Amino acid sequence: MTAALEEDRAALARAAEQEERVLSGLPEPADRSPEQRAAATAAIDGARDVRCAFLDAHAEEVYDELTAGRTRRPRLPELAAAAAAAFPGLVPGPDRLAREQARQQQDKEGHEIDIGIFFNRVLHAPRAGGHLLGTMLRPTPRALGLLAEFTRTGTADLGSVRMERRDGVARLTMCRDDCLNAEDNRQVEDMETAVDLALLDPGVEAGLLRGGEMTHHRYRGRRVFSAGINLKALHNGTISLVDFLLRRELGYIHKLLRGLVTDEGPAWRAQPIQKPWVAAVDTFAIGGGTQLLLVFDHVVAASDAYLSLPAAQEGIIPGASALRLTRHTGPRPARQIILAGRRIPADEAQAMGLIDEVHDTDALDLAIEGALQRLRGAAVVANRRMLNLTEEPLEAFRRYMADFALHQALRLYSSDVITKVSRFTTASSPTSERPQR
C-alpha cells in the first residue's frame, strides 16, 4: 500500500461526500427543476472525474487490495461491494444501489455508470483484468451445489431453463414461455448454472440449446429461440449492469466459448473444461439470441426462422457482437446488421455465415441429432480450443469488455434509451422488439 494510494483514497472520499451533500439536498430525480438537474449533474460529474483519475492511477493496486494480491476470486457483484466498502465513494454502496433499484429506469440517478467506470479500468489493467476473466470462468456456487443431483438424475429444472442429459448430450431448453425467452437477470443466472452443470458433468459430451414451446398468445404452441433483452424489465429498472449485462458476457456466454476453469488435475495439464455446443433456432433469434449463436460450434435453423440485432435501434450495444460478427459475415454485412438492424432470414444466402444448416421444421430434429453426433469425435474439443484461440484471443476479449462495461453503462442512462423503453409498461409486450411474421 503506497502513500499516494492512501492520499488519493482520502481525496476520493471527500469528493463523494460533497456529491452526496448536493444530491441529498435535492428532490428525487423525477421531481427536479431544470436548475436542480443541472446542480445534480455538476455534482455527479465532479465526483466522477475524481473516480476516473483515482482508477487511472491505482487500478492494479485497488484490485490487488480487494483480492488479497489476487489470491481471492470475488465475482462481479462481490468485487463491486468490496470496492464500495474499502474505497468509499469509488462505486455506489448497497444503500445507494437499493434506492436506485427501487426506481424505474427513467427515474434513476445513474450511479451504475460509476460501476461501469470501475470495471472499465479494472478490465483494462492487464493483471487485474486477466485475473477477473479467470474468476468469471469458474463454476458458480449454485451449480456446484446442484451438480451431484444432476449427475445422478440427468435432469434439472432451474426455472427459466430446463435441462436433461440424454445420450451423452446436455439438452438445455429456454422455457420463459410467457415472454418469448426475453432475457432478464433471472434467466442469466439460470443459463450460467445450466452451462456450468453441462460442462462439469462427466457424462456430458456435447451441449444443445433450444427454445421451448410458447404460451404467448401470438406464438402459442410454437418453439421460439429468443426475443433478446426484456425491455419491460429494463423500463422497470430491473436489468442490472452487473448481474445482467456484464455477467452475461463474462459468465455463461464466455464459458460456452472458452470453457470452465477448475483447480482439478495437474497444473501442467490445466485447461478449461470445454465441450462442443449446438444451437437450434426455431422462429427467431432476436438481439441477444443472435449474439448467442456467435459462440456456438454449429447452428441449425428452421427455414422460416430469422435473425436480427436491433440493439442500435433500441439504443444499446449488442453484447460482444461487434467483436465477433465480422468474422462470421464480413465487415459490410456486420455493419448492416448492427447499425441498421438488417433482418436475416435463415434461408437467405447471407445467413450462411451465421447458420450451418437450414431445414424445414419437420426435419429439424433429425438434423440436430446429426450435428450433435458429428461433434462428438475424440479430437473435437482440442481443435475447437485452437480455433477459438485464433479467432478470439483472450486479450482482445478483455480489452473489448473493458470498453463495453463503460459504454453500455452510458447507453443505459442515455435520454434516447429512456424514451424508447418508457413505452414498455407493465401491460405491454416484454420482448426486445415486436416480432412480425
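As the structure is a prediction and not an experimental result, all values here were calculated from the model.
- Under 4.0 Å is where a charged nitrogen must lie from a carboxylate oxygen, and between Glu189 and Arg186 no such pair does.
- Ring planes of Phe54 and His58: tilted class, angle from 30 to 60°.
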**OP:** May I have the step-by-step check of salt bridge (Lys or Arg N to Asp or Glu O under 4.0 Å) for Arg99 and Glu28, ending in yes or no?
**Re:** CA-CA 11 Å; Arg99 292 197 300 270; Glu28 288 291 294; over 6 Å; no
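- Here the CG atom belonging to Asp107 is positioned 10.0 Å from the CD atom belonging to Glu100, to the nearest 0.5 angstrom.
- Under 3.5 Å, the side chains of Asn236 and Thr238 contain no donor-acceptor pair of N or O atoms.
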**OP:** Report the C-alpha separation of Asp114 and Arg51 in whole Å, then their side-chain angles, then the decisive distance to 0.1 Å, and conclude whether the side chain to side chain contact (heavy atoms under 4.5 Å, CB included) test is met.
**Re:** CA-CA 8 Å; Asp114 296 308; Arg51 291 184 187 105; 3.2 Å; yes
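- For the pair Arg121/Cys52, a side-chain contact is recorded, criterion being any heavy-atom separation below 4.5 Å from C-beta on.
- Put simply, the residue from Leu137, Leu76, Thr67 that forms a side chain to side chain contact (heavy atoms under 4.5 Å, CB included) with Leu132 is Leu76.
- Every residue two or more places apart in sequence or in another chain that forms a side-chain contact (heavy atoms from CB on, under 4.5 Å) with Arg223 is listed here: Arg210, Glu213, Asp282.
- Side-chain atoms of Asn120 and His407 form no donor-acceptor pair, as typed in the model, at a separation below 3.5 Å.
- With respect to the salt-bridge test (charged N to carboxylate O, under 4.0 angstrom), the residues Glu109 and Arg96 do not qualify.
- Here the CG-CG distance, from Leu146 to Asp196, works out to 10.0 Å after rounding to the nearest 0.5 Å.
- The side-chain contact (heavy atoms from CB on, under 4.5 Å) search around Ala125 returns Ala59, Glu60, Ala128, not counting sequence neighbours.
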Subject >> Check against side chain to side chain contact (heavy atoms under 4.5 Å, CB included), Leu123 and Leu133 >> reply: CA-CA 8 Å; Leu123 286 165; Leu133 289 186; 4.2 Å; yes
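- A 4.5 Å side-chain heavy-atom check between Ser308 and Ile344 finds every atom pair outside the cut-off.
- With respect to the salt-bridge test (charged N to carboxylate O, under 4.0 angstrom), the residues Arg162 and Asp157 do not qualify.
- The minimum heavy-atom distance between Arg398 and Gly130, with the atom names listed, is CD-N, 3.7 Å.
- Using a 4.0 Å cut-off between charged side-chain N and carboxylate O, Glu183 and Arg176 make no salt bridge.
- Considering every non-hydrogen atom in both Pro272 and Arg385, the closest pair reads O-NH2, 2.9 Å.
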**OP:** Please step through side chain to side chain contact (heavy atoms under 4.5 Å, CB included) for the pair His216 and Asp178, ending with a clear verdict.
**Re:** CA-CA 5 Å; His216 187 281; Asp178 59 325; over 6 Å; no
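- Between Glu78 and Arg73 no salt bridge is recorded (no basic side-chain N to carboxylate O distance below 4.0 Å).
- Checked by atom type, the side-chain pair Arg384/Gln274 shows a donor-acceptor distance below 3.5 Å.
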Original post:
Passes salt bridge (Lys or Arg N to Asp or Glu O under 4.0 Å), Arg171 versus Glu164? Steps please.
Top reply: CA-CA 5 Å; Arg171 301 167 189 270; Glu164 175 189 13; 5.8 Å; no
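- By the 4.0 Å N-to-carboxylate-O rule, Arg374 lies close enough to Glu357 to be salt-bridged with it.
- Using a 4.0 Å cut-off between charged side-chain N and carboxylate O, Asp190 and Arg142 make a salt bridge.
- One finds the CZ atom of Arg343 at 10.5 Å from the CG atom of Leu307 (value rounded to the nearest 0.5 Å).
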Original post:
Checking side chain to side chain contact (heavy atoms under 4.5 Å, CB included) for the pair Ile368/Leu208: CA distance, chi angles, key distance, verdict?
Top reply: CA-CA 9 Å; Ile368 292 167; Leu208 168 68; 3.7 Å; yes
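- In this model, a donor atom of one side chain and an acceptor atom of the other lie less than 3.5 Å apart for Asp177 and Thr215.
- The pair Arg248-Asp243 does not meet the salt-bridge criterion, since no charged nitrogen lies less than 4.0 angstrom from a carboxylate oxygen.
- Annotation for Ala312 and Ile338: closest pair CB-O, 3.1 Å, computed over non-hydrogen atoms.
- Phe244 has its side chain out of reach of Gln187: every pair of non-hydrogen atoms, C-beta onward, lies at least 4.5 Å apart.
- Pairs of residues two or more places apart, or lying in two chains, that qualify as salt bridge (charged side-chain N to carboxylate O under 4.0 Å, His left out) and include a residue from residues 318-329 are Arg324-Glu392, Arg327-Glu391, Arg327-Glu392.
- Checked against the 6.0 Å centroid criterion, the rings of Tyr63 and Phe118 do not qualify as a close aromatic pair.
- Note: Phe284 and Tyr306 have tilted aromatic rings, judged against thresholds of 30 and 60 degrees for the angle between ring planes.
- To the nearest 0.5 angstrom, Ile355 atom CD1 is 12.0 Å from His328 atom NE2.
- A salt bridge is defined here as a Lys NZ or Arg NE, NH1 or NH2 lying under 4.0 Å from an Asp or Glu carboxylate O, and Lys232 with Asp184 fails to meet this definition.
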